[in-house]
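Remember, it's a predicted structure, so these values are computed and weren't measured experimentally.
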Amino acid sequence: GKREARLIRPEDIDTFLAEYTPLSELAKYLGVEGWPRHACRITEGEGIVPVFTRETRRSVIYRRADVEPIIAARLPRS
């Protein structure tokens with residue numbers, strides 16, 4: 001069946017991405033770019049679950065505020 005097309009303004013996308021991060025981006029930040037499922041296991045191990053899943057929105061999306069502590073912990077210390 002056909003899906004209804006929806007127009008989204010660029011500023012709405014910017015607002016969304018300021019609050020949420022897709023799994024592919026999170027995997028890059030965590031240094032597991034080639035293994036996004038590993039990024040899922042890392043977040044699950046920290047008790048963090050995505051706000052959208054493939055089952056609900058055909059993509060895995062996390063709340064940025066939830067995953068930022070994990071990203072910060074994996075950054076090299078200077």
Side-chain angles (χ1 to χ4, degrees):
K2 290 186 175 184
R3 290 195 297 181
E4 180 183 331
R6 298 180 204 150
L7 298 177
I8 300 171
R9 298 180 313 198
E11 58 269 19
D12 292 337
I13 294 171
D14 292 340
T15 301
F16 181 84
L17 290 175
E19 185 167 346
Y20 299 98
T21 185
L23 176 60
S24 59
E25 184 179 319
L26 176 61
K28 284 182 201 176
Y29 288 139
L30 295 176
V32 292
E33 185 174 352
W35 302 284
R37 289 181 193 249
H38 186 64
C40 286
R41 285 193 291 277
I42 291 169
T43 58
E44 287 171 3
E46 296 290 329
I48 297 169
V49 295
V51 292
F52 302 117
T53 65
R54 285 187 175 85
E55 292 79 25
T56 61
R57 294 287 179 234
R58 302 176 73 165
S59 187
V60 179
I61 308 281
Y62 289 87
R63 187 174 317 280
R64 198 171 287 279
D66 292 344
V67 297
E68 282 177 342
I70 297 171
I71 295 167
R74 294 176 76 85
L75 290 175
R77 302 221 190 308
S78 51

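Between atom CG of residue Asp14 and atom CZ of residue Arg9 there is a gap of 11.0 Å, rounded to the nearest 0.5 Å. Going from atom CD1 of Ile42 over to atom CZ of Arg37 covers 14.5 Å, rounded to the nearest 0.5 Å. Here the CG-CG distance, from Leu30 to Leu23, works out to 9.0 Å after rounding to the nearest 0.5 Å. Interatomic distance, Lys28 NZ to Thr21 OG1, rounded to the nearest 0.5 Å: 9.5 Å.
Using cut-offs of 30° and 60° on the angle between ring planes, the pair Tyr20 and Phe52 is tilted.
Counting heavy atoms of neighbouring residues, nucleotides and ligands inside a 6.0 Å radius, atom CD of Glu33 does not exceed 12 of them.
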Inset, instruction - Apply the test side-chain contact (heavy atoms from CB on, under 4.5 Å) to residues Ile61 and Phe16: give CA-CA distance (whole Å), side-chain angles for both, the deciding distance (0.1 Å), then the verdict. - result: CA-CA 11 Å; Ile61 308 281; Phe16 181 84; 4.1 Å; yes

Inset, instruction - Test side-chain contact (heavy atoms from CB on, under 4.5 Å) on Ile71 and Leu26 and set out the steps. - result: CA-CA 8 Å; Ile71 295 167; Leu26 176 61; 3.9 Å; yes

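Minimum heavy-atom separation, Pro50 to Tyr62: N-CE2, 3.5 Å. The two residues Ala27 and Pro36 have their closest heavy-atom pair at CB-CA, 4.0 Å. Shortest non-hydrogen contact noted between Leu17 and Arg64 is O-NH2, 2.8 Å.
Both Ile8 and Val51 are assigned to one and the same hydrophobic cluster, defined by single-linkage of ILVMFWY side chains at heavy-atom distances under 4.5 Å.
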